[in-house]
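This report refers to the structure that appears directly beneath it.
Just so we're on the same page: letters track the sequence lines, and every chain starts at 1.
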Amino acid sequence: MPSAFYDRTTDEVARDLLGAILIRRTADGLMAGRIVEAEAYGGPEDLASHAARSATGRARIMFGPGGRAYVYLIYGLHNCLNVVAHRPGEAGAVLLRALEPLVGVGAPTNGPARLCRALGIDRSLNGASFGGPALQLVAGPVPAEPIAIGPRIGVAYAGAWAERPCRFWLEGNRYVSVKGKSV
DNA sequence: GTCCGGATCTTT
DNA sequence: AAGATCCGGACA
């Protein structure tokens, strides 16, 4: 993806990542999958976003240039992979929640933690470019499935922001992690 | 320094 | 329905 792809609102980028291809290269070879589910997390105003806690610490990378990976540990044991993306001067990242396996994927990729485990992604990749040797994002065919939009998963604590429709998925795709109805 | 709560998944 | 298990942020 060209760098300008990431310099738009986080919502737009999350939507447009549906159908894109994520490529992961390791010493063991190449894996690839098609993104079928993603969530947008905004800047300090978004109470569900790590960027709302503070601009320092692990979320600092969300304030930096787009097109890089934000990988963090959740619940003490699971990794989650995000794509930093936001308008210039703002902050935000897109959580990749599910892939449709294409090449070399030998484990389930429905769910953010499973996706990371299947692709061998952990915090050592935090800050890596999506145009680099380990991770790459490239455009895919325009999805045949309609795009569905709904509230994000697991953010009930975030008040009004919990309702906000920032989750995007490909309707009917079997690899989507959580069923939901589009708004 | 302590304390607490998670953008989850697996097992019971 | 609960447990695993660790980090960042909030307080003192």
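Put simply, the side chain of A/S182 gets close to the backbone of A/I149: a donor and an acceptor are under 3.5 Å apart. When atom types are taken as modelled, the side chain of A/E90 and the backbone of A/G43 share no donor-acceptor pair closer than 3.5 angstrom. With hydrogens and angles ignored, the 3.5 Å screen pairs a side-chain donor or acceptor of A/W161 with a backbone N or O of A/E45.
In this structure, the OH atom of A/Y75 is 17 Å from the C1' atom of B/dT11, given to the nearest Å. With rounding to whole Å, A/H78 atom NE2 is found 15 Å from C/dG3 atom P. Spacing between atom CD1 of A/I74 and atom C1' of C/dT5 amounts to 12 Å, rounded to whole angstrom units. Atom CG in A/D122 sits roughly 16 Å away from atom C1' in B/dT8 (whole-Å rounding). If you take CG of A/N126 and P of C/dC7, they are 13 Å apart, rounded to a whole angstrom. Atom CD1 of A/I121 and atom P of B/dC9 are 14 Å apart (whole Å). In this entry the distance linking CG of A/L95 with P of B/dT8 reads 7 Å, nearest Å. A/Y70 has its OH atom 9 Å from the P atom of C/dG8, to the nearest Å.
Remark: A/R174 does not engage A/E100 in a salt bridge, criterion side-chain N to carboxylate O under 4.0 Å. Salt-bridge check for A/D16 with A/R8: passed, with a basic side-chain N closer than 4.0 Å to an acidic carboxylate O.
Side-chain proximity of A/R53 to the nucleotides C/dT5, C/dG9, B/dC9 is greatest for C/dG9. In the set C/dT5, B/dT10, C/dC7, C/dC7 carries the atom at the smallest distance from any side-chain atom of A/L73. Of the listed nucleotides (B/dA7, C/dG9, B/dT10), B/dA7 has the atom at the smallest distance from the side chain of A/Y72.
With both pairing distances under 3.5 Å, C/dG8 is matched to B/dC4 as a Watson-Crick or G-U wobble pair.
Contact between the side-chain N/O atoms of A/Y157 and the OP1/OP2 oxygens of B/dA7 is found at a separation under 4.0 Å. Residue A/H50 has no polar side-chain atom (N or O) positioned under 4.0 Å from OP1 or OP2 of C/dG8. Distances shown here put every side-chain N or O of A/R58 at or beyond 4.0 Å from the OP1 or OP2 atom of C/dG9. In terms of phosphate contacts, A/R117 brings a side-chain nitrogen or oxygen within less than 4.0 Å of OP1 or OP2 of B/dT10. Checking the phosphate oxygens (OP1, OP2) of C/dC7, a side-chain nitrogen or oxygen of A/R123 falls inside 4.0 Å.
Comparing A/A55 and A/G76 by the nucleotide of DNA chain C that holds the closest heavy atom to each, the one mapping nearer the 5' end is A/G76. Residue A/G154 is the one, among A/G154 and A/R114, whose nearest nucleotide of DNA chain B lies closer to the 5' end (criterion: closest heavy atom).
Within the nucleic acid shown, A/A48 comes within 4.0 Å of at least one base atom, counting heavy atoms only. When heavy atoms are screened at a 4.0 angstrom cut-off, A/L77 is found touching base atoms of the nucleic acid.
Under a cut-off of 6.0 angstrom, the local environment of CZ in A/R87 is sparse, with at most 12 non-hydrogen atoms contributed by other residues, nucleotides or ligands.
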